[in-house]
Amino acid sequence: MIRKKNHKNLTINLPPKETIQVIQKELLDWYNQNQRDLPWRINKDPYRIWVSEVMLQQTRVDTVIPYYERFMKQFPTLEDLANATDEQVVKAWEGLGYYSRARNLHSAVKEVVEKYAGKVPDQPETISQLKGVGSYTTGAILSIAYNKKVPAVDGNVMRVFSRLFAIKEDIASATTRKKMEYLADSLIPDQAPGDFNQALMELGALVCTPVSPQCLFCPVQSVCHASHQGIQGELPYKKKAKPPLKVPVLFGWITSDSKVLLEKRPNKGLLRGMWALPTWEDVIESKALDTMQKIVIENNWLVKNINIKGNLEHIFSHRHWKISLVTVELIEQGLEPSSNLKWISLDDIEKIALPNVYRKALKMLV
DNA sequence: CACCCGTGGTG
DNA sequence: TCACCAAGGGT
């Protein structure tokens, strides 16, 4: 290995030139033979590449495919998406999670229409200013759609590099990530940067997998430090994540006259800006009925009946909701609709973008 | 830098 | 069963 320092004075071991050439050739050959047939690979339309990259953030390929197919059918061009309403876009995203991705994408696409005449920027400084376009997505769009020599370091690439070069540092740290980006920048070939970036990710997805990597089928096994040392199973190193915090919550199924009350969640925090069943946090199961009765009294609602309807759990990445479901039937709709409160019929609820945790609750009620 | 932000699949 | 994870970004 050649020890080098980059502009930020990080010490980085770069492989010798011959090794770099082996990696480039073997990876590109392998990718040409083994790449999957994926719907975002039918052409190089920057808009199509962009949508796929945003959907794929922290989300599996198999999960994304049906969403992507529907999304591209509904919004075939960048202009179509720009002209859509926010509600339409978020509805198309329903069930995918991380809903801010949809709002950011929508907002960014509108910005591209207004400021760049509908052409997706092809410079890193410009495109990375768009909402929801970070370092990885910048590299992915520029290399895949525009064939620019910009690294795209995602979780796959970090895993592949950590094994290939036996890097034992925590891949969650910003410093390690900088090293990885510098490595990627040093490895990426002039000829086919987009294919090379995708080859790294494809290798991580198909061969250099998180558990039981298939080193026997790896095109770069001959130059892999982890494989030679037999430590591929130990890498990449990652600090253990904290378990999600358990929070007891109360969902209200508040109905009147065959309509149900929906509440818009605040513009910050979990499921921000999404329509939801009225939700109260830190209400334990044994207090669910009491709490709902208090709420009814405080609001002077005229109530036919209040019932516990059941319990369910939902685990987010950092929250674990233990949910009590309580139904309230009002004699009359004593609540004025507002910007964050509305009555809606059961038919119309299908048209609203509801997070899956609320869809799950709905299934227990209808 | 540490934390927040969804969901469903898997071994 | 449950810990871990999947083509990250924002703050």
Side-chain angles (χ1 to χ4, degrees), chain A residues 31 35-36 38-41 48-68 90 93-105 107-108 127-141 143-145 151-160 170-178 180-181 184 194 197-206 208-212 233 236-245 247 265-274 276 313-321 353-360:
Chain A
Y31 181 66
Q35 64 173 282
R36 289 167 292 180
L38 297 171
W40 42 90
R41 287 182 176 160
R48 291 180 56 92
I49 305 292
W50 184 4
V51 172
S52 76
E53 291 303 340
V54 175
M55 283 192 175
L56 285 163
Q57 287 167 8
Q58 299 299 100
T59 311
R60 284 183 171 72
V61 166
D62 289 342
T63 304
V64 165
I65 289 174
Y67 280 90
Y68 183 78
V90 176
W93 211 269
E94 183 184 83
L96 253 190
Y98 289 141
Y99 299 97
S100 295
R101 291 184 297 175
R103 295 206 181 82
N104 286 338
L105 174 64
S107 153
I127 197 170
S128 62
Q129 282 184 289
L130 297 170
K131 281 187 187 173
V133 180
S135 157
Y136 163 76
T137 306
T138 294
I141 297 173
S143 65
I144 297 170
V153 176
D154 72 336
N156 285 309
V157 177
M158 302 245 274
R159 182 171 60 257
V160 169
D170 187 348
I171 61 167
S173 97
T175 310
T176 310
R177 190 191 168 78
K178 282 292 163 203
M180 299 280 187
E181 287 188 342
N197 283 342
Q198 291 186 87
L200 278 172
M201 295 188 274
E202 198 82 340
L203 187 78
L206 300 181
C208 197
T209 46
V211 293
S212 42
Y237 172 73
K238 235 186 269 188
K239 266 199 311 190
K240 288 213 193 325
K242 285 184 217 161
L245 183 67
V247 179
R265 293 185 58 81
N267 282 324
K268 50 167 56 183
L270 193 58
L271 301 172
R272 53 159 122 2
M274 303 296 290
E313 298 194 15
H314 190 85
I315 303 174
F316 302 98
S317 47
H318 65 294
R319 282 288 185 281
H320 181 158
W321 276 3
L354 269 193
N356 268 18
V357 58
Y358 295 105
R359 287 280 167 212
K360 273 164 60 178

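By convention in this document, chain letters (A, B, ...) are assigned in the order of the sequence lines, proteins followed by strands, and residues within each chain are numbered from 1.
- Among residues two or more places apart in sequence or in another chain, the salt bridge (charged side-chain N to carboxylate O under 4.0 Å, His left out) test is passed with A:Arg319 by none.
- In this structure, the ring of A:Phe316 has its center no less than 6.0 angstrom from the ring center of A:His318.
- Qualifying side chain to side chain contact (heavy atoms under 4.5 Å, CB included) partners for A:Lys268, counting only residues two or more places apart in sequence or in other chains: none.
- Summary of the strand contacts: A:Asp62 and A:Phe316 both lie near DNA chain B, and taking for each the nucleotide with the nearest heavy atom, the more 5' one is attributed to A:Phe316.
- Heavy-atom nearest nucleotides on DNA chain C were determined for A:Ala241 and for A:Thr138, and the one closer to the 5' end corresponds to A:Ala241.
- Under the 3.5 Å distance criterion, the side-chain polar atoms of A:Ser52 are left unmatched by any main-chain donor or acceptor of A:Trp40.
- Contact annotation for A:Lys242: backbone-only contact, meaning every heavy-atom pair under 4.0 Å involves sugar-phosphate atoms and none involves a base.
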Once pairs are restricted to Watson-Crick or G-U wobble with both distances under 3.5 Å, how does DNA chain B read as a dot-bracket string, [ ] for crossings and | for other-strand pairs? .||||.|||||

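- Taking A:Arg41 as the reference, A:Glu202 meet the salt bridge (charged side-chain N to carboxylate O under 4.0 Å, His left out) condition, with sequence neighbours excluded.
- One distance of note links CD1 of A:Ile127 with OG1 of A:Thr138; it measures 6.0 Å at 0.5 Å rounding.
- Where A:Leu270 and A:Ala174 each meet DNA chain B at their nearest nucleotide, the meeting point lying more 5' is that of A:Ala174.
- A search for side chain to side chain donor-acceptor pair (under 3.5 Å) contacts involving A:Thr63 returns nothing, not counting sequence neighbours.
- Backbone-only engagement by A:Ser135 is indicated by non-hydrogen atom pairs under 4.0 Å involving sugar-phosphate atoms exclusively.
- Within the nucleic acid shown, A:Thr63 has no heavy atom closer than 4.0 Å to any nucleic acid atom.
- Within the 4.0 angstrom heavy-atom criterion, base atoms lie near A:Trp40.
- To the nearest 0.5 Å, atom CZ of residue A:Arg101 and atom CD of residue A:Glu53 are 11.5 Å apart.
- Using a 4.0 Å heavy-atom distance criterion, A:Ile315 is classed as a base contact.
- Here A:Arg359 lies out of heavy-atom contact (under 4.0 Å) with every strand.
- Interface limits on DNA chain C: the 5'-most and 3'-most nucleotides within less than 4.0 Å of chain A heavy atoms are C:dC4 to C:dG10.
- Residue A:Ser212 is out of contact with every strand shown, counting any heavy-atom pair closer than 4.0 Å.
- First and last contacts of DNA chain B with chain A, using any nucleotide atom under 4.0 Å from a protein heavy atom and ordered 5' to 3', fall at B:dC1 to B:dG9.
- Residues passing the side chain to side chain contact (heavy atoms under 4.5 Å, CB included) test with A:Ala152 are A:Tyr136, A:Ala140, A:Asn197, sequence neighbours excluded.
- If you find the closest nucleotide of DNA chain C to A:Gln57 and to A:Lys238, the one lying nearer the 5' end belongs to A:Lys238.
- Other residues, nucleotides and ligands contribute at most 12 non-hydrogen atoms within 6.0 Å of the NZ atom of A:Lys131.
- Residues of residues 94-105 of chain A having a heavy atom closer than 4.0 Å to DNA chain B, listed by number: A:Gly95, A:Leu96, A:Gly97, A:Tyr98, A:Tyr99.
- In this structure, A:Pro355 reaches the sugar-phosphate backbone alone: every heavy-atom distance under 4.0 Å involves primed, P, OP1 or OP2 atoms, never a base.
- Nucleotides C:dA7 and B:dA2 have their P atoms positioned 23 Å apart, rounded to a whole Å.
- Here A:Arg265 lies out of heavy-atom contact (under 4.0 Å) with every strand.
- Partners of A:Arg103 according to the salt bridge (charged side-chain N to carboxylate O under 4.0 Å, His left out) rule, which considers only residues two or more places apart in sequence or in another chain, are A:Asp86.
- Taking the C1' atoms as reference points, B:dG6 lies 13 Å from C:dC5, given to the whole Å.
- No engagement by A:Leu200 is indicated, since no non-hydrogen atom pair under 4.0 Å with the nucleic acid exists.
- Scored by the side chain to side chain contact (heavy atoms under 4.5 Å, CB included) test, A:Arg265 finds A:Leu270, A:Leu271, A:Ala276, A:Thr279, A:Glu281, A:Trp321, A:Tyr358 as partners (sequence neighbours excluded).
- To the nearest 0.5 angstrom, A:Arg48 atom CZ is 13.0 Å from A:Ile144 atom CD1.
- A donor-acceptor pair under 3.5 Å links the side-chain atoms of A:Asp154 to the main chain of A:Val157, judged by distance alone.
- Partners of A:Tyr67 under the side chain to side chain contact (heavy atoms under 4.5 Å, CB included) rule, at least two apart in sequence or in another chain, are A:Met55, A:Arg70, A:Leu96.
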